[in-house]
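Naming: A, B, ... by sequence-line order, numbering from 1 per chain. Since the structure is predicted, the reported quantities are computational estimates derived from the model, not experimental observations.
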Amino acid sequence: MIDDPFELNDEPAFEPAPVAPQAPPPWLSGLNPEQAAAVKTTEGPLLVLSGAGTGKTRVLTTRLAHILYQRLAPPWNVLAVTFTNRAAKEMRERLGAMIGPVSEQVWLGTFHALGLKMLRRHCDLVGLRSGFSILDTDDQNRVLKGLMELAHIDTKKWPPNIVMGAIQRWKDRGWTPDAVPPHEVGDIADGKALELYGAYQKRLIEVNACDFGDLLLHVLTIFQAEPGILAEYQARFRYILVDEYQDANVSQYLWLRLLARQHKNICCVGDDDQSIYSWRGAEVGNILRFEHDFPGANIVRLERNYRSTPAILGAASGLIRNNATRLGKDLRAAGSLSQETGDKVTIHGVWDGEAEARWVLDTAQSLQRNGARLSDMAILVRAGFQTREFEERFITTGTPYRMIGGLRFYERAEIRDAIAYVRLLSQPDDDLAFERIVNLPKRGLGDASVQVLHLASRAQGMSLLNAARTVLDTDELKPRARNSLRTFVEDIDRWATLRTTMPPAELVATVLDESGYLAMWKADKAPEAPGRVENLQELVSALEDYTDLQEFLEHIALVMENDTRAGVEDAITLMTLHAAKGLEFDHVFLPGWEEQVFPHRRALEGGLSALEEERRLAYVGLTRARRRAFVSYAGSRRVFNQWHSNPKSRFVDEIPAEFKEEDGEMGLTAGSHGMSESYSTWNGGWGKPSGKGTGWERRKAEEKAGQNWQVAKREPSKSGFARGDRVFHQKFGYGEVIAAEDDKLQIAFDKAGQKKVMAGFVKPADEV
DNA sequence: TCAGAGATGTTTTTT
DNA sequence: ACATCTCTGA
């Protein structure tokens, strides 16, 4: 980083503040009194409780500008921390627009990016060498799995990702392996999780890598061990700003507290009602405890909402009022939309997920006919799997859309392979990269050969690549494998030399070509192979923007940008509720408001606090809407090829009646005769797996067997079928009716599993 | 060593 | 339904 003030011996001269002008500074105009207070209270700790749509970002950027304009500190003595890259980028842009290029000098970024910036500077203190890799989830699990196998821990019984989750949570709490309290260890991995954590950390150092949690944890370790370094940062950061404080985990909190200790000018902005990341270690407690943690703190509440209509706000407020643990805060409509109540939240029931997608798109089109643009609309789903039906609908109707989230470009196998090549070039110790590509494309270096290298590597305490060099001088490998390995090592060395002279894009293109990796995919006849070749080409063109390979590697590790066709002019947005935080749209669709989907099944198992977090998520969803919100729920839904019938979400009922209108369809209207009730009791809520179910379906079925099988008693419906009837379907074969509503039947087919079909498609089995 | 078949687990949310 | 992992025989 060339612009890093830390690297400069002489920081630019800094002019002290001029005599304060008489008139209020122009950048404060247009702020309401609370916002102005939040901007002007620069000294001492300050907590800004800012509800949805109350101008939080504006306050943050104005506050930054205020500090800089008033010459309270030079930009390089100001730290601004965000949670997401998007927020960091937005703040950077808005700040740049206000104060110009000097904004570049502010320490502004995500916790992880800033942690990395610090860690890069002092990495030797924790045993890392410069250019260390940052592992993604997949790498992490691989490392851990290897260690578990070494320790003879059953990876079937204890899946590495579960164990990794435990380790991650420890890291989130700021615990290094020697700091984990014994009573926190539990029985994960047969009680060996802590040992694994230690081994994992050791292994990461060996391969010169760290994971996301380490970006902060290592810095904390350094601060602890080196008071001089800590003091340097403490002196540096005269003003600290923190966005989305409710999302900070303990290690982030500790990091902030240490940095703020000297000047104590820390301003945290957050909203306890929008805390939706506790599963990732975020501690709402941080925000609730602020006054205690930072004595003498001021608190400012922003409750004037400039975003939404009173109806939307009424719906959202009514909903969130059902949460017991909150600071309590009521949004008032204050913006241009506050004059009229606005349209009520539409609640709409549909038959299944497909019908839901159809209804949403139809509604979107009619809004469009009334002058709305697609780019003013968003569909916000609870979980990734819900996007599928919408995407299909987008494609069949030719509706332009952009999706945020889902599969990330840099997580695709071919991209990770290509990156592994690059990583190995810039970092010969990266055993993970070595292992990944040593036999890719096939070089006749299979498990047996790699095993030999591992032994040599362990025996001599060196990386796999270096161990390979020594093995080449022995006869441990058969000539065939040895020659192949020699070629590979020589290739790596040659490319590593090119690295210093060749631009990154050209280098990667060369490596992919000469290694035969690209050719491997070109020769592959699998239907997805051409797409992979395309992705690799895209990778090379993405590299054109970089002159420094290391910078590129960091970029893709930290900035997992994930916005398909961001440039599309007028497109509807599809994303998860989590991804939507901080955004706003005129019209918001909120599909899948069914029990088990939203609130999510896992949350329902997780007790009250998990349920409240789901409710906050619903609150976030509703408050994204400026003008209209459309909530929908489906009578049945297919998840993993398995039909489920769930009652509509409790959150629907929690929206006050005066702010919603339910337009039912097919007898699904709430409170009307029967349908939703009968749904809730079908199979106790979850479909019965038929035949050979897989995974949790099977387990779920076993759990449920014999209990909870209250099935609605039904008279034969008007179709003439009733529960228990044997039927025959042209395509699915024989089956048994599980439930019937008018002419819609839920049938467990002997072979084809559980499906819902219209009565017209089946005959009584005895008539066939 | 490897290709293909079969079994298995996955899906909440993200830096 | 999907992708990935594991096993098997050539």
Check: B:dT14 base within 3.5 Å donor-acceptor of A:Arg280 side chain:
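Counting by modelled atom types and ignoring angles, a donor-acceptor contact under 3.5 Å is found here.
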First of A:Ala383 and A:Ala113 reached from the 5' end of DNA chain B, by closest nucleotide
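The 5'-side residue here is A:Ala383.
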If you measure from the C1' atom in B:dT11 to the same atom in C:dT6, how many Å do you get, rounded?
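Each nucleotide's C1' atom is 22 Å from the other's.
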Do A:Tyr277 and A:Trp279 have their ring centres less than 6.0 Å from each other?
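They qualify: ring centres under 6.0 Å apart.
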Ring centres under 6.0 angstrom apart (A:Tyr633, A:Phe651)
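Ring centres of A:Phe651 and A:Tyr633 not closer than 6.0 Å.
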What is the nucleic acid contact for [X], judged by heavy atoms within less than 4.0 Å: base, sugar-phosphate only, or nothing?
X        : answer
A:Ala448 : sugar-phosphate
A:His600 : sugar-phosphate
A:Phe83  : sugar-phosphate
A:Lys478 : nothing

Is A:Lys581 near enough to B:dT14 that one of its side-chain N or O atoms lies under 4.0 angstrom from OP1 or OP2?
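No, no such contact exists.
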Tell me whether the side-chain N/O atoms of A:Lys171 come closer than 4.0 Å to OP1 or OP2 in B:dT15.
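Negative; the distance criterion is not met.
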Can you tell me the distance, in whole Å, between the [atom1] atom of [X] and the [atom2] atom of [N]?
X        : N     : atom1 : atom2 : value
A:Arg388 : C:dA3 : CZ    : C1'   : 12 Å
A:Met520 : B:dA3 : CE    : P     : 10 Å
A:Asn161 : B:dT8 : CG    : P     : 17 Å

Euclidean distance, A:Ile240 CD1 relative to A:Arg257 CZ, rounded to 0.5 Å
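Interatomic distance, A:Arg257 CZ to A:Ile240 CD1, rounded to 0.5 Å: 13.0 Å.
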B:dT15 base stacked by A:Phe111? Criteria: ring centres under 5.5 Å, plane angle under 30°.
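Stacking is absent between B:dT15 and A:Phe111, given that the ring centres and planes do not meet under 5.5 Å and under 30°.
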Any idea how A:Tyr517 and A:Trp521 line up, ring-wise: parallel (<30°), tilted (30 to 60°), or perpendicular (>60°)?
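Plane angle over 60°, so perpendicular.
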